[in-house]
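I have placed the structure first, in the form of structure tokens, so that the comments after it can refer back to it.
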Protein chains: 2
Amino acid sequence: MANSKLYKGSLVTIILKLLNESDKMYGYEITQKVKALTKGELKITEGALYPALHKLEAEGLLEVEVKKVDNRLRKYYRLTEKGSKETVTKLQELQEYIMTMQVIVNPKLSLE
Amino acid sequence: MANSKLYKGSLVTIILKLLNESDKMYGYEITQKVKALTKGELKITEGALYPALHKLEAEGLLEVEVKKVDNRLRKYYRLTEKGSKETVTKLQELQEYIMTMQVIVNPKLSLE
DNA sequence: TTATATGCATAAGAATATTATGTATATTTG
DNA sequence: CAAATATACATAATATTCTTATGCATATAA
């Protein structure tokens, strides 16, 4: 992915969340969407994205539909039911992660 | 570290921030401090911590002072000036990371 | 006296990402 | 019109970071 090492481990969460919003997306579209949303801050590399998509598919979280558009292939991915559930889990984990880090970084905060 | 994969990449930020608050700390103390702050949510493993401390020392961000307490060794680490500067950078990166992820996760937000 | 806590360390392996390629078509630019 | 850039997928080699498993040693609690 990009610059700060903190993004390590976030890719699956990002993919699942985007698919949860957009119904179906193809790989290249995901890279462009993230670049646009983050004003170029975060650039997902193909070497990370495609293997991640394949793994999510193998795990049954995504399903694929191949289409030919403008004489070029597109592999559209969409969440399975299992993928939708996992999305909820991943988003909860992200919120927990953020809260935990806030507590460590801001000594005035504390967890209940 | 622990459970959610999101913590990957966060260890250095955590170490630097804790040392920035506490002046000097030793390894075991760091693991206990994090466990206490996060109510057990996050457990830093020794296999991750000690190599990280050694690396930060090798990079000149930390300096060491060995002390014998109760007949047991303690290696106290404290930030160098370079380490203090890097702490600021790492905390900024954490805030950026959190903002970026919020934008991706919450479609109603956007970056300026 | 046996387990747990304190305190350090490293090696093997897993997981995740970067960098570098490769293939192919479409479109923009000089 | 040729060359560069954009679109679209893919994988292999390498780097980075962490988990798990060990190992050593002393102190304290059960």
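Lettering of chains follows the sequences in order, A, B, ..., and the numbering in each one begins at 1. Keep in mind that this is a model prediction, so the values were computed, not measured. Values reported hereafter were calculated over all heavy atoms of this structure, with side chains retained and with hydrogens, waters and symmetry mates removed.
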Please check the phosphate of [N] (OP1 and OP2 only) for any side-chain N or O of [X] closer than 4.0 Å.
| X | N | value |
| --- | --- | --- |
| B:K55 | D:dT17 | yes |
| B:R74 | C:dG7 | yes |
| A:Y50 | D:dA10 | no |
| B:H54 | C:dC8 | no |
| B:Y28 | C:dC8 | no |
| A:K68 | C:dT25 | no |
| B:K5 | D:dC18 | no |

For [X] and [N], give me the distance from atom [atom1] to atom [atom2], rounded to whole Å.
| X | N | atom1 | atom2 | answer |
| --- | --- | --- | --- | --- |
| B:L6 | D:dT17 | CG | C1' | 14 Å |
| B:L42 | D:dC18 | CG | P | 11 Å |
| A:L11 | D:dT17 | CG | P | 17 Å |
| B:Y7 | D:dT16 | OH | C1' | 20 Å |
| B:K43 | C:dA5 | NZ | C1' | 15 Å |
| A:L56 | C:dA17 | CG | P | 10 Å |

Point to revise | Sugar-phosphate only, base, or nothing, as touched by A:G27 at under 4.0 Å among non-hydrogen atoms | key: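 The answer is sugar-phosphate, as A:G27 gets under 4.0 Å only of primed atoms, P, OP1 or OP2.
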Of the nucleotides [options], which has the atom closest to the [X] side chain?
| X | options | value |
| --- | --- | --- |
| B:N71 | C:dC8, D:dA27, D:dC18 | D:dA27 |
| A:E46 | C:dC8, D:dA10, D:dT7 | D:dA10 |
| B:K75 | C:dA9, C:dA17, D:dA10 | C:dA9 |
| B:Q32 | D:dC9, C:dT6, D:dC18 | C:dT6 |
| A:R72 | D:dA10, D:dA6, D:dT17 | D:dA6 |

Exercise for review: Please determine if B:K75 forms a cation-pi arrangement with B:Y26, meaning its NZ or CZ atom is less than 6.0 Å from the six-membered ring centre and no more than 45° off the ring axis.
Suggested key: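 Negative - B:K75 is either too far from the ring of B:Y26 or too far off its axis.
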Check your understanding: With distance as the sole criterion, do the side chain of A:K8 and the base of D:dT17 form a donor-acceptor contact below 3.5 Å?
Key ->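 Such a pair does not exist between side chain and base.
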